[in-house]
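Take a look at the structure set out below.
What you are looking at is a predicted structure, and each value in this text was computed from that prediction instead of being measured. Order of the sequence lines sets the chain letters (A, B, ...), proteins ahead of strands, with each chain counted from 1.
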Amino acid sequence: MKESYFPQEIEKKWQKVWEETGAFKTPDESDKPKYFALSMFPYPSGKLHMGHVRNYTITDVIARFKKAQGFNVLHPMGWDSFGLPAENAAMKNGADPEKWTVENIAYMTKQLKMLGLSYDWDREVTTCKPDYYKWTQWLFLQLYKKGLVYKKEAAVNWCNDCGTVLANEQVIDGKCWRCDSEVEKKYLSQWFVKITDYADVLLEDLDKLPGWGDNVKTMQANWIGKSHGAIFRFPVVDAPSGEKMEVPVYTTRPDTVHGITYLVVAPEYKDIEKLTTSENKEAVEAYRANARKMTEIERLSTERVKTGVPLGTHCINPFTGEKFPLWTADYALVEYGTGAVMAVPTHDTRDYDFAKKYNLPMKVVIQDAENPSDCKDAAYTEPGILVNSNEFDGMKNEEAKKAITEKAVKEGFGEFKTQYRLRDWLISRQRYWGAPIPVVYCEKCGIQPVPEEQLPVLLPKDVDFSVVGKSPITTSKTFLETTCPCCGGKATRETDTMDTFICSSWYYLRYSDAKNDKMPFAKDKVNHWLPVDQYVGGIEHAILHLLYSRFFTKALRDLGLLDFDEPFKNLLTQGMVLKDGSKMSKSKGNTVDPDEIFENYGADTARLFILSDSPPARDFDWSDAGVEGCYKFLNRVWRLVASNADNISICHPEFVSGSLKKDNDDLVRVVHMAIKGITNDISNDFQFNTVISKYRELTNAIYDWRGKKSELDAEDKSVLSFAIVSLLKLMSPVAVHLTEEAWHDLGGEGSIHEQPWCEWDENLAKASSITLVVQVNGKVKDKIEAEESSSQEDLKALALNSPKIKELTDGKTIVKTIVVPKKLVNIVVK
RNA sequence: GCCCUGGUGGCGGAAUCGGUAGACGCGUCGGACUUAAAAUCCGAUUGGGAUAACACUCAGUGCCAGUUCAAGUCUGGCCCAGGGCACCA
């Protein structure tokens, strides 16, 4: 064995061997139980960043640990390779997005291999390849047939810089998730996925996911935004056309219905023109035009002073017979509820602000019994007792919600209603580099889905990427013109492509059967491998990808394509990689290039360090000193093995507690404790930071032991071999190359990564003596060595006989003595 | 405003059930080896008091209370930081 540690040399060597021997191929058939470990697949942006390194290392260690524990582990990798950066690069450099993407994938694949990740590359999935997007299109058609995909004209989020529409989930604080520019509203006819059909089950089934963090689950619950309330319909008494009209509203506060003093409709409300008198028409039109011009950020700002204009018409409150005016104001949202709000200024802060500004009347209907408020200075939104509410007076408001809605149901002007905040998922993108939506438009037959046997609808090559203001795909003549699958006449293709989040909503299913050319996946294979046992990725997908994937799984289950409800059984959201306290980013110039770390220290150091300082879910602060420290530690392990190589043999000695020399017995115990501790730390929440501290403790203990021996006898050699071979095995999921090299140099058969996980013996992990802590009145006063087997009585006697304790308790009354077996005695004195 | 997560030395962080607070590491300081440096090894490192030095002693896990023989851990009430949602009626 070489004296010094040369990671660059040994890492290349073993990576080649593993590739040649197919070390990480996963058979579908096996006697072992399955385990599916998955990292969120990357966008091939060009190079790996440290966030990738962290993500993939965590999953790799989990996969290797589970494999050693006897599972048949599926650990695949792929590429989320459609999307705008490729197209932007194409526009900038005149290169083909496909070429750019393929080159990036090649480079990043090389980097992943350099990190020593145990992927089964035979199952690689690349979303931009026709053999994948064929099935994305096929799944689109299945959803279309099921009525879960539809086209409609709607106000949609438009990002001017990206030149495309966005889903609600992709608008963050009124800005584009990708380029951070302000999003505008546009009226366009677009394709939607009916995710709202699944709103309730998506919410309910969060309870079936104990392996997900509460943070992610509450984010999804908030996003789905379920609320309970009522719909009330208010008859209009003076519609200009003389027509009989009603305005329905959704409210979560039916208990306040007797306090309505006006009603607000959104500026985009569909019947607004019919509800406006000729005198008010001009002002209303001006207000609506202004609302259209505003950006989402301006419009949604809660800081903004509320504005609105009256429509001139009125409604009747069927509960009171009172007449109240209709207004339009942009604090009412057309997409939520019915697009109209019943305003109760006394019990809603928004209505209160608006009423104050426009001097609208107020009527108190709920009061705190002890401390009634007149609502002159602020709305009263707390629970209370109903007043001014006819037969409901004196009722508690929570009870009144039900009673009042029941009356509306009985009399036919309302009903109970459950409302969701979640909107349908807009999936059209006016871009080239995505999966084409497999639909054609025929003048005679209208919208026609492309027949399945004609899939994939391939992306055209004859496109001009220099066009501005429209999708490059529209410049392709070969693509655009086609024939109608229904009548055979002239037809044009849909030029929108799908949101890349569609591609990533089912990729994890494809790994179960990546090469199937008849189906997206075979049902038996997908049911065998899925759900994913452990999914690892960034928190930024808490809503986007994770919600869409859950929806897809449920929809495909309902289509009969698979038999499970949830795609990801356990989810680990890893923290960010920071440098000097802030997120690594090119703009801040605080990035660290993984290539440089591989070159200077080797992948094992990178892997060890990225796991070492913080638990996986927390943010991780990168420091050069930390990398150096991990490199030194690996050197220390190497020297320990190399300098003792002559005295080590690969063996599995069985030691009996107490039969060894004292120092040997102690070392054997330390090893067993390390095995126990490390196994538990990985099993419980993947606490790799404490795993690594235990590697260090074990290494230190072996050094200490060795430092006290000059000559080794047979027993010593056997104990040393046991300790070092155990250390190597325990470290093998993390320091994958070093341990493999050492294993071979010590004469190990096969690969260390094929070895079963170490087991510990509870008896050998136990010390024969314990340190008894003696407290007086709860404060530690003495520590005494005691037999592990001592009875409670013995421990008590031991404590009371300690000279120190005697001194402290002398002349005082012992009130009580508490004995915690094998640990502690607390003497309470007065 | 509502919801989630967290708050422990100079720093990252440890601490199964309530039972020795600060494991392991980084940094810093001191020492050994060396002509010297690198590498390596050894020691110290929560704060205050006390001591020639030990022994010893007091305080201490965001703040204030409580439960308990015993609280970083449990209960109640706050404060702060990070994240999510937000004119969602």
Side-chain angles (χ1 to χ4, degrees), chain A residues 4 172-173 213-227 229 249-253 256 264 266 299-304 306 329-333 335-344 347-351 353-354 381 419-423 539-540 542-543 575 578 581 609 612-615 617-630 632-633 635-636 639 677 680-681 684 687 689-700 703 707 771-783 815-829:
Chain A
S4 303
I172 314 289
D173 291 332
D214 284 341
N215 51 347
V216 177
K217 285 193 278 189
T218 42
M219 274 191 232
Q220 292 212 355
N222 284 344
W223 189 261
I224 295 166
K226 186 178 186 174
S227 69
V249 302
Y250 171 72
T251 180
T252 54
R253 293 298 304 275
T256 64
V264 178
R299 169 117 187 230
L300 293 177
S301 167
T302 49
E303 311 293 306
R304 221 176 110 236
K306 292 183 177 43
D330 60 10
Y331 81 89
L333 306 174
E335 316 95 279
Y336 187 76
T338 63
V341 185
M342 61 177 228
V344 185
H347 306 298
D348 181 282
T349 52
R350 295 152 303 184
D351 299 342
D353 293 344
F354 191 81
T381 55
Q419 183 68 42
Y420 299 90
R421 215 193 62 102
L422 183 72
R423 314 281 152 82
I539 187 76
E540 67 273 17
I543 295 171
L578 312 177
F609 178 53
S612 66
D613 271 358
S614 302
R618 265 199 246 177
D619 287 350
F620 176 86
D621 209 338
W622 183 277
S623 76
D624 297 336
V627 182
E628 198 73 41
C630 285
K632 282 183 188 173
F633 172 65
N635 271 284
R636 195 167 142 79
R639 282 196 309 274
N680 287 342
D681 285 355
N684 306 331
Q687 292 181 52
N689 54 331
T690 55
V691 168
I692 287 161
S693 72
K694 281 167 183 137
Y695 291 163
R696 290 177 185 271
E697 282 176 271
L698 179 55
T699 306
N700 292 345
Y703 263 108
T771 305
L772 180 71
V773 173
V774 186
Q775 299 180 330
V776 175
N777 289 345
K779 305 221 165 183
V780 180
K781 292 293 173 187
D782 200 6
K783 290 169 192 179
V815 184
K816 200 175 182 184
T817 308
I818 292 108
V819 181
V820 181
K822 295 176 192 185
K823 254 189 192 151
L824 168 146
V825 175
N826 187 14
I827 302 160
V828 186
V829 295

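- Contact check, A/Lys694 against B/rG25: no side-chain N or O comes under 4.0 Å of OP1 or OP2.
- Rounding to the nearest 0.5 Å places CZ of A/Arg253 at 7.5 Å from OG1 of A/Thr381.
- Among the heavy atoms of the strands lying under 4.0 Å from A/Arg696 are primed sugar atoms or P, OP1, OP2 only; no base atom is included.
- For A/Arg423, the salt bridge (Lys or Arg N to Asp or Glu O under 4.0 Å) test picks out A/Glu335, with sequence neighbours left out.
- Here A/Ser693 does not reach the OP1 or OP2 of B/rA23: none of its side-chain N or O atoms lies under 4.0 Å away.
- Looking at heavy-atom distances under 4.0 Å, A/Ser612 makes no contact with the nucleic acid at all.
- Not a single salt bridge (Lys or Arg N to Asp or Glu O under 4.0 Å) links A/Asp351 to another residue, sequence neighbours left out.
- Annotation: side chain of A/Asp621 is in contact with side chain of A/Leu578 (closest heavy-atom distance under 4.5 Å).
- RNA chain B contains the following stems of three or more consecutive Watson-Crick or G-U pairs, with both distances under 3.5 Å: B:1-7 with B:79-85, B:10-12 with B:24-26, B:27-32 with B:40-45, B:46-49 with B:56-59, B:62-66 with B:74-78.
- The side chain of A/Tyr336 contributes an N or O atom lying less than 4.0 Å from OP1 or OP2 of B/rA89.
- For A/Lys632, there are no salt bridge (Lys or Arg N to Asp or Glu O under 4.0 Å) partners two or more places apart in sequence or in a different chain.
- Pairs engaging residues 689-699 of chain A under the side-chain hydrogen bond (donor to acceptor under 3.5 Å, both in side chains) rule: A/Asp681-A/Thr690, A/Asp681-A/Lys694 [sequence neighbours left out].
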What protein N or O atoms touch nucleotides 16-22 of chain B N or O atoms at under 3.5 angstrom, if any, and at what distances?
residue, atom, partner, partner atom, Å
B/rG19, N2, A/Gln775, OE1, 3.3
B/rG19, N2, A/Asn826, ND2, 3.4
B/rU20, O2, A/Lys783, NZ, 2.6

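- Residues passing the side chain to side chain donor-acceptor pair (under 3.5 Å) test with A/Asp782, sequence neighbours excluded: A/Ser802.
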Pairs under 3.5 angstrom, nitrogen or oxygen only, protein versus nucleotides 39-42 of chain B, please.
residue, atom, partner, partner atom, Å
B/rU40, O3', A/Arg639, NH2, 3.3
B/rC41, OP1, A/Arg636, NH1, 2.6

Does the protein touch nucleotides 3-10 of chain B at the base, only the backbone, or not at all? Give it as B, S and - per nucleotide, heavy atoms under 4.0 Å. SSS-----
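- Remark: A/Phe609 engages A/Phe620, A/Trp622 in a ring-ring contact (aromatic ring centres under 6.0 Å, His included) (not counting sequence neighbours).
- Anti is the glycosidic conformation of B/rG27, whose angle departs from 0 by more than 90°.
- Taking the side chain of A/Asp348 as heavy atoms from C-beta on, and the options B/rA89, B/rA14, B/rG27, the nearest nucleotide is B/rA89.
- Among residues two or more places apart in sequence or in another chain, the side chain to side chain contact (heavy atoms under 4.5 Å, CB included) test is passed with A/Val829 by A/Val776, A/Asn777, A/Thr809, A/Lys812, A/Ile814, A/Ile827.
- Residue side chain A/Lys816 does not reach the base of B/rC69 through any donor-acceptor N/O pair under 3.5 Å, judged by distance alone.
- Residues forming a salt bridge (Lys or Arg N to Asp or Glu O under 4.0 Å) with A/Lys217 (at least two apart in sequence, or on another chain): none.
- A/Glu540 comes within 4.0 angstrom of nothing in the nucleic acid, heavy atoms only.
- A close approach under 4.0 Å does not occur between any side-chain nitrogen or oxygen of A/Asn689 and OP1 or OP2 of B/rG12.
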